[in-house]
Amino acid sequence: EIRLSLVGSEMCIRDSLWRYAGEPAPKNMSCGFNDVDANAFYYKAVLWAVENGVTTGKTATQFAPGATCTRCEVAAFMFRAFSKGITTVK
């Protein structure tokens with residue numbers, strides 16, 4: 001079962017999907033977003049989400065980890081993740 005808060009920040013939602021997928025290690029440990037610190041708890045989740053097409057960020061260099069997600073964005077993240085086969089904990 002996956003539980004996501006629709007009032008959460010973008011990072012909370014993507015981090016939840018990453019955890020649901022079993023916290024897989026990203027293939028690339030380099031991040032192009034200038035607002036995502038390499039020491040942030042969600043760093044690997046961001047890399048994984050971008051790598052797997054769950055998100056692209058707000059711009060090419062801005063991820064906006066503290067931004068609030070709309071229901072539409074949450075639905076898009078979940079659709080993209082689940083359409084790529086991320087449906088069970090690995």
Side-chain angles (χ1 to χ4, degrees):
E1 176 179 319
I2 187 168
R3 294 179 185 205
L4 299 174
S5 169
L6 295 180
V7 186
S9 70
E10 291 202 24
M11 194 52 258
C12 290
I13 291 158
R14 291 183 200 123
D15 183 60
S16 295
L17 288 171
W18 177 66
R19 290 180 189 279
Y20 182 73
E23 299 182 14
K27 294 175 184 144
N28 181 0
M29 291 302 291
S30 176
C31 181
F33 299 116
N34 56 24
D35 58 352
V36 177
D37 187 296
N39 296 314
F41 75 92
Y42 51 80
Y43 186 73
K44 289 181 183 177
V46 170
L47 299 179
W48 172 86
V50 171
E51 206 169 82
N52 286 280
V54 174
T55 187
T56 57
K58 294 291 185 181
T59 69
T61 59
Q62 183 185 23
F63 187 76
T68 300
C69 284
T70 66
R71 289 182 196 166
C72 184
E73 289 170 324
V74 172
F77 301 148
M78 292 179 72
F79 174 79
R80 292 176 196 147
F82 296 152
S83 69
K84 295 188 180 291
I86 302 166
T87 56
T88 58
V89 176
K90 298 175 182 164

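Just so you know, these numbers use all the heavy atoms, side chains as well, and skip hydrogens, waters and symmetry mates.
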**Q** Rounded at 0.5 Å granularity, tell me how far CE in Met29 sits from OH in Tyr43.
**A** 6.0 Å
**Q** For the hydrophobic clusters of this structure (ILVMFWY residues joined by side-chain heavy atoms under 4.5 Å, transitively), does one cluster hold both Phe82 and Val54?
**A**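 Hydrophobic grouping puts Phe82 with Val54.
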**Q** Hey, are the side chains of Thr56 and Val50 touching, using non-hydrogen atoms and a 4.5 Å cut-off?
**A** no
**Q** Do any N or O atoms from the side chain of Tyr42 and from the backbone of Val36 form a donor-acceptor pair under 3.5 angstrom?
**A** no
**Q** So which heavy atom on Leu47 is nearest to which on Ser30, and how close?
**A** CD2-O, 3.5 Å
**Q** Less than 4.0 angstrom from a charged side-chain N to a carboxylate O is my criterion; do Glu73 and Lys58 meet it?
**A**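 Lys58 and Glu73: salt-bridged.
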**Q** Could you report the tightest heavy-atom contact between Pro24 and Trp18, atom names first, then the distance?
**A** O-NE1, 2.9 Å
**Q** Does the plane of the ring in Phe63 sit parallel, tilted or perpendicular to the ring in Phe33? Use 30° and 60° as the thresholds.
**A**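 It falls in the tilted class, 30° to 60°.
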**Q** Under 3.5 Å, is there a donor-acceptor pair between the side chain of Asp35 and the main chain of Gln62?
**A** no
**Q** Output the distance between atom CZ (Arg80) and atom OG1 (Thr55), rounded to the nearest 0.5 Å.
**A**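 Going from CZ on Arg80 over to OG1 on Thr55, the span is 6.5 Å.
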**Q** Asp37 side chain to Asn39 main-chain N or O, any donor-acceptor pair under 3.5 Å?
**A** yes
**Q** Roughly how far apart are Lys44 NZ and Arg19 CZ, rounded to 0.5 Å?
**A**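 Atom-to-atom, Lys44:NZ and Arg19:CZ are 11.0 Å apart.
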